[in-house]
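Everything below concerns the one structure shown next.
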Amino acid sequence: MIRKTLKAIVYVTAFGVLTYLFFFVPLGRRTMWEHVRRIAATDEAQDLGEDVSTATDRAGSALREKLRETAADAGE
């Protein structure tokens, strides 16, 4: 019981430290958060996001169709 509690405290502390570093400690002129935001705003990142969205929609449609077929076969 105590071991799990101590392990949880270590994980929460590590998460807090990493979160602080990510948002508040500068790497060069900007924090890691600011770097990530600037990278995400590039045209290439926007194109990638659109491609991932399209692929996700296609995969979801294919999965729904497969589930409909499976449900129809099971209902026979």
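Residues: numbered from 1 along the sequence shown. This structure is a prediction, so every number in the text was calculated from the model and none was measured.
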Contact check, side chains of Thr19 and Phe24, non-hydrogen atoms, under 4.5 Å: no
task: Indicate, with yes or no, if Met32 and Val17 share a hydrophobic cluster defined by side-chain heavy-atom contacts under 4.5 Å among Ile, Leu, Val, Met, Phe, Trp and Tyr.
output: yes
statement: Closest heavy-atom pair, Val36 versus Phe22, reported as atoms and distance to 0.1 Å, is CG2-CZ, 4.1 Å
For the student: nearest non-hydrogen atoms of Ala40 and Ala45, plus distance: O-CB, 3.6 Å
- prompt: What distance separates Arg58 CZ from Leu63 CG, expressed to the nearest 0.5 Å?
  reply: 16.0 Å
statement: d(Leu48 CG, Asp43 CG) to nearest 0.5 Å is 12.5 Å
message: Are Trp33 and Val25 linked, directly or through intermediate hydrophobic residues, by side-chain heavy-atom contacts shorter than 4.5 Å (ILVMFWY only)?
response: yes
message: For Ile39 versus Thr42, what's the shortest heavy-atom pair and its separation?
response: O-OG1, 2.8 Å
field: ILVMFWY network linking Tyr20 to Phe23, side-chain heavy atoms under 4.5 angstrom
entry: yes
field: Chi angles and distances behind the side chain to side chain contact (heavy atoms under 4.5 Å, CB included) call for Arg64, Ser61
entry: CA-CA 5 Å; Arg64 281 189 294 275; Ser61 296; 3.4 Å; yes
message: So does Gly49 get a backbone contact from the side chain of Ser53, meaning a donor-acceptor N/O pair under 3.5 Å?
response: no
Ionic contact status for Glu34 with Arg37, cut-off 4.0 Å: no
- prompt: Could you walk me through whether His35 and Leu27 pass the side chain to side chain contact (heavy atoms under 4.5 Å, CB included) check?
  reply: CA-CA 9 Å; His35 284 296; Leu27 299 172; 4.2 Å; yes
- prompt: Just how far is it from atom CE of Met1 to atom CG of Leu6, taken to the nearest 0.5 Å?
  reply: 11.0 Å
